[in-house]
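My questions will all concern the structure given below.
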Amino acid sequence: MYICRKTNSRYPLTDSRWRSDSGHLLDIEQTVQFDPEEPIGKPNSLWRYASSFPAIIRDHPVTLGEGMTPLITAEVNKRSILLKLDQLFPSGSYKDRGATTLISLAKALGVSQVVQDSSGNAGCAVAQYAAMAGIDCEIFVPASTSPAKLVQIAAYGAKVSKVPGSREDTATAAREAAEKHFYASHVWHPVFYQGTKTWAYELCEQLGWTVPDTVILPAGNGTLLLGAEIGFRELKESGVIPHVPKLVGIQASHCAPLYTAFHQGLSSVPELDTIPTLAEGIAIAMPLRGMQMVDVVTSTGGTFLAVEEEEITLALRDMLKQGIFLEPTSAAVIAGVAQYISSHASADESIASVVTGHGLKSSPKIGKMLGL
Ligand SMILES: *Cc1c(COP(=O)(O)O)cnc(C)c1O
């Protein structure tokens with residue numbers, strides 16, 4: 001069932017909806033009893049955990065064999081950490097995790113057109129699976145978006161609609177279109193998080209169904225952070241792992257509303273002045289699920305860290321030396337891992353993190369950062 005936690009109203013998953021009747025966010029309420037034997041012999045993709053998905057999306061998976069990304073050990077700040085290489089997804093970022101489940105739902109509901117608002121990786125991922133499913137796709141973007149970012153979206157055959165004004169104007173245009181068409185929003189739609197939760201399932205399976213002490217993830221809209229928490233919680237409730245790991249959310253200092261809310265103990269996300277950052281993927285000034293992220297991080301005993309621009313460039317260089325070509329936003333997460341190791345980590349604490357996006361997505365920017 002969909003559940004609106006504000007009003008406690010519930011709706012069936014067969015409803016083509018993305019918010020409650022009162023206009024609030026929806027989550028999914030389901031009891032998962034996951035058996036680690038379940039994935040044995042299943043495809044080596046995130047669909048091996050399909051038994052933990054709501055039944056409606058299991059029947060017609062729209063899949064490119066995505067997921068089960070490599071788990072490697074890398075050196076950060078002279079320490080070995082576990083790193084999942086999610087830049088290796090078909091569209092070049094982990095957003096494919098959520099798009100494969102969300103477009104599978106759209107297909108199950110017989111939807112003929114989806115709309116979305118994103119100028120970045122979520123738009124690419126939704127456009128990719130919509131193309132595969134034979135579903136028309138329209139992505140709304142701010143008119144100011146640089147054309148380079150839109151090529152991948154348009155190349156899949158999606159319609160790119162430029163909206164004058166702010167990011168909020170773009171979201172409004174998408175929501176208006178969503179009156180008529182399926183709103184495949186990575187922020188609003190809870191089925192997106194059913195896909196991103198597989199990050200946690202994969203990590204634990206790759207560690208022989210054990211869990212590291214601490215998991216460090218980006219915190220913009222929280223599509224990975226909130227999804228991972230769902231995954232860890234389901235595994236804990238199924239008795240597969242003993243506890244949910246400590247979750248640490250990384251923001252850029254130039255745009256750090258969650259860092260501020262957490263450390264000042266605020267009860268809502270503050271409206272702050274922000275400055276552009278190299279980590280544009282996590283530069284979300286007013287994240288819709290902001291307090292959800294603060295609550296989840298708090299409940300695991302974790303924290304939020306904020307990284308400076310210079311730390312992002314250092315982390316990028318450090319990863320490149322280890323052969324990993326990553327987006328600047330992804331380098332910000334690694335910078336957060338480095339900061340966590342210097343300021344918080346105990347000697348024997350095991351730490352896992354992620355490379356969220358491929359460097360090929362932003363070669364010109366990386367060239368500038370490295371002075372090439
Ligand atoms: C979307 C994205 C993030 C951040 O995800 P949020 O959902 O905003 O927290 C980080 N890195 C990359 C490459 C992304 O595409």
Side-chain angles (χ1 to χ4, degrees), residues 28 32 34-54 56-72 82-108 121-122 124-133 156 184 186 189-212 215 217-218 222-235 238 240-241 324 326-327 330 333 352-358 360-361:
I28 285 179
V32 170
F34 179 77
D35 176 354
E37 305 267 297
E38 195 76 46
I40 296 169
K42 297 267 169 63
N44 199 36
S45 83
L46 61 81
W47 285 90
R48 62 200 279 105
Y49 312 110
S51 68
S52 75
F53 297 160
I56 188 169
I57 62 171
R58 279 183 224 149
D59 296 341
H60 306 282
V62 180
T63 173
L64 288 161
E66 61 288 303
M68 223 32 173
T69 55
L71 179 68
I72 65 163
L82 295 160
L83 204 51
K84 258 181 92 61
L85 302 183
D86 272 22
Q87 83 277 27
L88 299 179
F89 271 94
S91 82
S93 88
Y94 80 83
K95 296 290 194 313
D96 289 2
R97 290 189 186 277
T100 182
T101 51
L102 185 52
I103 297 300
S104 296
L105 172 70
K107 181 144 190 193
N121 292 336
C124 295
V126 165
Q128 168 184 270
Y129 289 101
M132 254 197 96
Y156 291 121
H186 57 298
H189 211 299
V191 166
F192 197 90
Y193 300 78
Q194 289 295 304
T196 54
K197 80 180 184 185
T198 60
W199 189 89
Y201 279 80
E202 289 179 17
L203 176 71
C204 294
E205 185 177 3
Q206 287 167 320
L207 294 172
W209 297 112
T210 64
V211 67
V215 166
L217 297 172
T223 58
L224 186 54
L225 184 84
L226 292 172
E229 194 270 339
I230 296 172
F232 287 126
R233 187 158 31 87
E234 287 177 353
L235 290 172
S238 300
V240 178
I241 59 172
I324 298 170
L326 72 176
E327 275 195 60
S330 311
V333 181
S353 189
V354 63
V355 178
T356 51
H358 206 294
L360 289 172
K361 292 234 182 198

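Residues: numbered from 1 along the sequence shown. All values below were derived from every heavy atom in this structure, side-chain atoms included, with hydrogens, water molecules and symmetry-related copies excluded.
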| task | Any chance you could measure Thr69, atom OG1, to Leu203, atom CG, to the nearest 0.5 Å? | result |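 Nearest 0.5 Å value for the OG1-CG distance: 9.0 Å.
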| query | Between the main-chain N or O of Gly357 and the side-chain N or O of Lys361, is there a donor-acceptor pair closer than 3.5 Å? | reply |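 No: the side chain of Lys361 does not pair with the backbone of Gly357.
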| said: Could you check whether any side-chain heavy atom of Pro218 comes within less than 4.5 Å of a side-chain heavy atom of Val354, counting everything from C-beta outward? | reply: yes
| field | Side chain Ser104, main chain Ile57, donor-acceptor under 3.5 Å | value | no
| query | Quick one: are Leu235 and Trp209 in side-chain contact, heavy atoms under 4.5 Å? | reply | yes
| field | Glu202/Lys84 salt bridge by N-O under 4.0 Å criterion | value |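 Counted as a salt bridge, because a side-chain N and a carboxylate O are separated by less than 4.0 Å.
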| query | Where do Pro212 and Leu207 come nearest, in terms of heavy atoms and distance? | reply | CD-CD1, 3.7 Å
| query | Among side-chain atoms of Glu66 and Tyr129, is any donor-acceptor pair under 3.5 angstrom? | reply |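 The criterion, which ignores hydrogens and geometry beyond distance, is satisfied for Tyr129 and Glu66.
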| said: Given 3.5 Å as the limit, does a donor-acceptor pair link the side chain of Thr196 with the main chain of Thr223, or not? | reply: yes
| query | Between atom CG of Leu102 and atom OH of Tyr193, what is the distance when rounded to the nearest 0.5 Å? | reply | 10.5 Å
| request: Please check if the side chain of Thr101 supplies one atom and the backbone of Val191 the other of a donor-acceptor pair under 3.5 Å. | output: yes
| Spacing of Asn121 atom CG and Asp96 atom CG [to the nearest 0.5 Å] |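 Here the rounded value is 9.0 Å.
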| field | Electrostatic pair Glu205:Arg48 at N-O distance under 4.0 angstrom | value | yes
| task | Might you work through the ring pair (Phe, Tyr, Trp, His ring centres under 6.0 Å) test for Tyr49 and Tyr201, ending with a clear yes or no? | result | CA-CA 8 Å; Tyr49 312 110; Tyr201 279 80; 5.2 Å; yes
| request: Calculate, to the nearest 0.5 Å, the distance between atoms NZ and OG belonging to Lys197 and Ser52 respectively. | output: 3.5 Å
| query | Between Gln128 (side chain) and Ser91 (backbone), is there a donor-acceptor pair under 3.5 Å? | reply | yes
| query | Roughly how far, to the nearest 0.5 Å, is the CG atom of Leu83 from the CG atom of Leu71? | reply |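 It comes to 8.0 Å.
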| request: Check for a donor-acceptor pair, side chain of Ser238 on one end and backbone N or O of Val240 on the other, with a separation under 3.5 Å. | output: no
| Roughly how far, to the nearest 0.5 Å, is the CG atom of Leu64 from the CE atom of Met132? |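 One finds 4.5 Å between CE of Met132 and CG of Leu64.
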| Any donor-acceptor N/O pair, Glu234 side chain to Phe232 backbone, under 3.5 Å | no
| request: Establish, from distance only, whether the side-chain atoms of Thr100 and Trp47 form a donor-acceptor pair under 3.5 Å. | output: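 Side chains of Thr100 and Trp47: pair found under 3.5 Å.
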| query | Yes or no on side-chain contact (heavy atoms from CB on, under 4.5 Å) for Leu225 and Leu217, after CA distance, side-chain angles and deciding distance? | reply | CA-CA 6 Å; Leu225 184 84; Leu217 297 172; 4.0 Å; yes
| said: For Gln194 versus Pro54, what's the shortest heavy-atom pair and its separation? | reply: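 Smallest heavy-atom distance, with atoms named: OE1-CD, 3.4 Å.
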